[in-house]
Number of protein chains: 2
Amino acid sequence: METKYNYVKNHIKSKILQGFFQPHQKVGSENNLIQEYNVSRHTVRKAIDELVNEGWIYKKQGAGTFCADRTAPKSSREQRNKNIAVITTYFSDYIFPTIIRGAESFLSENGYQVTVFSTNNDIEQERRCLEAVLSQQFDGVIIEPTKSALPNPNINYYLNFERMGIPYVMIHAYYEELEPVHIIMDDVEGGRIQTKHLLDLGHEHILGFFKNDDIQGIKRMKGFIKAHRECGVSLSPQNIVTYTTETKNALPTQMLEEKLKGGNELPTAIVCYNDQLAIQLLDVLRKMKLAVPKDISIVGYDDSSLSVASEVKLTTVKHPQEEMGIEAAQLIKQIIEKKENSLQEPIIKPVIFNPELIIRSSTGKTGIKEVN
Amino acid sequence: METKYNYVKNHIKSKILQGFFQPHQKVGSENNLIQEYNVSRHTVRKAIDELVNEGWIYKKQGAGTFCADRTAPKSSREQRNKNIAVITTYFSDYIFPTIIRGAESFLSENGYQVTVFSTNNDIEQERRCLEAVLSQQFDGVIIEPTKSALPNPNINYYLNFERMGIPYVMIHAYYEELEPVHIIMDDVEGGRIQTKHLLDLGHEHILGFFKNDDIQGIKRMKGFIKAHRECGVSLSPQNIVTYTTETKNALPTQMLEEKLKGGNELPTAIVCYNDQLAIQLLDVLRKMKLAVPKDISIVGYDDSSLSVASEVKLTTVKHPQEEMGIEAAQLIKQIIEKKENSLQEPIIKPVIFNPELIIRSSTGKTGIKEVN
DNA sequence: TCCGATTTGTTCGTATGTATG
DNA sequence: GCATACATACGAACAAATCGG
């Protein structure tokens, strides 16, 4: 894959998949490409030959090289099974398997097959997934956006889905500019009730840990701030810790240790972006010999299996998980079937799940004031 | 048709059609053809490239150019992506996502796509999965057998895979009668070292909980018994509890409660079929106010994320998980590629992982005797 | 209709890298 | 380790088709 002609080939293919070229539009002459990629004519021709062979482009002597028309020849589509691609950030971790299971079980019951991809929340890997899906013949895509809070360079691929008539629904988050059908939680509300619960219990120094490279984290942080404002409790900016996919393993635990050592104004409660983080932070609390919830309260998010795995049963926010997967599957099925029958793009409403707090034993009233 | 490369191409094609070359027979090196037709290397390559593309011949770097076997199905198989089906008992739970991720990451890096199915360890659902896979065009299948310890009525489907030339590998367990390529752990040894560890610590009344509808459970139980025998510790049949997929949620916890209430000969240690069960049983121990490992020791199996989620860090047996997925993917890729090139079913050796005990804080010396 | 610029097609040469047996 | 055979990559020249003026 590291040969020059392969690089040229893949680069051109990417452009096609991103919709840079309309069918029958000129891809550029051999001379153009020679200059663009700074390679020999032979190399360009080798790349182009393969693309022609795979049906992406066609050539006409004396005229030029053109983008092929890949709009599927509808025929013989009926008999084959329907295929749905599911692209999520993670695959094996945490709540994602459950979401995927929801989609898989519903779709397989309805005669669809599910092919899975994961991006590891990495833009480059997302691009590869999107290219793979566009290169194949999928009838629909369920996708969780990667790094949804950051500008996404792969937007073009999504636009190309629309151009090629492949319906998709987004879960967990969505890119505003695309206005896709989406299935999300009300994450602001989720963050709000996490925090409100602690404020109601009398906590006033609450640490908030939020992941800020996806929209969910940003929104939950918004809810965290909103709750403080509603309850009239002032919030120091130093009480908010943000981290990213790349720093998630070390940064939050390290920050918590620092915050707990810094003598004055010790926090009495922690709001976590998710259960996974809460479990990580619980280990820090154990190490520092702090009892939960007597010395410090902690709230998770997602109600994953981790929330009840340890001796501390986490107070957390319910995430629909399997239900979200099923809902996404139902939506994509509806869209596909409507499209088949009526040819016009149906209007489908997004789904927004309302969060719900599950109170377990990791939160309690602040005891500090009574003790003093 | 009067170009040189076309002449060469047609001449070689004629020879093939006249039967001058048997399948897999050498067509002649580039240098031979250069001399034979008195043309440049480039011209020969162009001719050969087209013949390869049309499926008449194939090339192998370093080896030569050979006549293809046209008896095989010539239908546009080359250009489409390769699809692998992964069928596991579970999908979203426990270590399965990690295994699947291993396979998925390796395969997607190698240009394959992964379609997933799960049987929920139910024979009827397994049948549906197998039918779906057989009716689609999959290039290979990675499968974990369902209820592997029980007679399987779906054996015929597996035989049909062989008849249709679809390679498959089995993970975790396999049906003896099929003698498939398989990737498993040495579960007898795993059960043995789990138990040996406790016996070495001085425990003599050890409860063993095993799932007996899959082969892994049966084998781990075998290891449990073997360890007792090796250490010369007598084992009461009442110390072994077996359960199935259907009873896994209620039966083991209930049995443990009974065993702990029954006054005489209280157990001082527990061997669990897996970490998932260990976590379940830990809750029972907490409810009965038994400290781990002071009052009772417990050993898990699989080294899943659950084993370190709680305050009790489980002593457990390492399961290769992701590695097993990768290994399975590598094997299936090897088989597919060898089959493509040489037509003869390659001989691939099964993989057996050796278990390894990971000692954490859930096990300790029995304290009862010293106390008395 | 023809011209000329552009673009792809064919063919030669040369060199170095990499896999196979 | 070595020869063989295919893979990648550069350069050059001329032929043939296309298209706008």
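Per chain, numbering begins at 1; letters A, B, ... match sequence-line order.
The side-chain hydrogen bond (donor to acceptor under 3.5 Å, both in side chains) search around A/K59 returns A/D49, not counting sequence neighbours. Legend: residues meeting side-chain hydrogen bond (donor to acceptor under 3.5 Å, both in side chains) with B/S108, ordered by chain and number and at least two apart, are absent. With sequence neighbours excluded, no residue forms a side-chain hydrogen bond (donor to acceptor under 3.5 Å, both in side chains) with B/T88. Under the side-chain hydrogen bond (donor to acceptor under 3.5 Å, both in side chains) criterion, A/E50 pairs with A/K9, not counting sequence neighbours.
In this entry the distance linking CG of B/L33 with C1' of D/dA5 reads 12 Å, nearest Å.
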Could you list the protein-to-nucleotides 6-12 of chain D atom pairs, N/O on both sides, closer than 3.5 Å?
unit_1	atom_1	unit_2	atom_2	d
D/dC6	OP1	B/T65	N	3.0
D/dC6	OP1	B/T65	OG1	2.7
D/dC6	OP2	B/E30	N	2.8
D/dA7	OP2	B/R45	NH1	3.2
D/dA7	OP2	B/K59	NZ	3.0
D/dA7	N7	B/R41	NH2	3.0
D/dA7	N6	B/R41	NH1	3.4
D/dT8	OP1	A/Y5	OH	2.9
D/dT8	OP2	A/Y5	OH	3.4
D/dA9	OP1	A/K4	N	2.6
D/dA9	OP2	A/K4	N	3.3
D/dA9	OP2	A/Y5	N	3.3
D/dC10	OP1	A/K4	NZ	2.5
D/dC10	OP2	A/S40	N	3.2
D/dC10	OP2	A/S40	OG	3.2
D/dC10	OP2	A/T43	OG1	2.5

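Counting only residues at least two apart or on different chains, no salt bridge (Lys or Arg N to Asp or Glu O under 4.0 Å) pair has a member in residues 167-185 of chain B.
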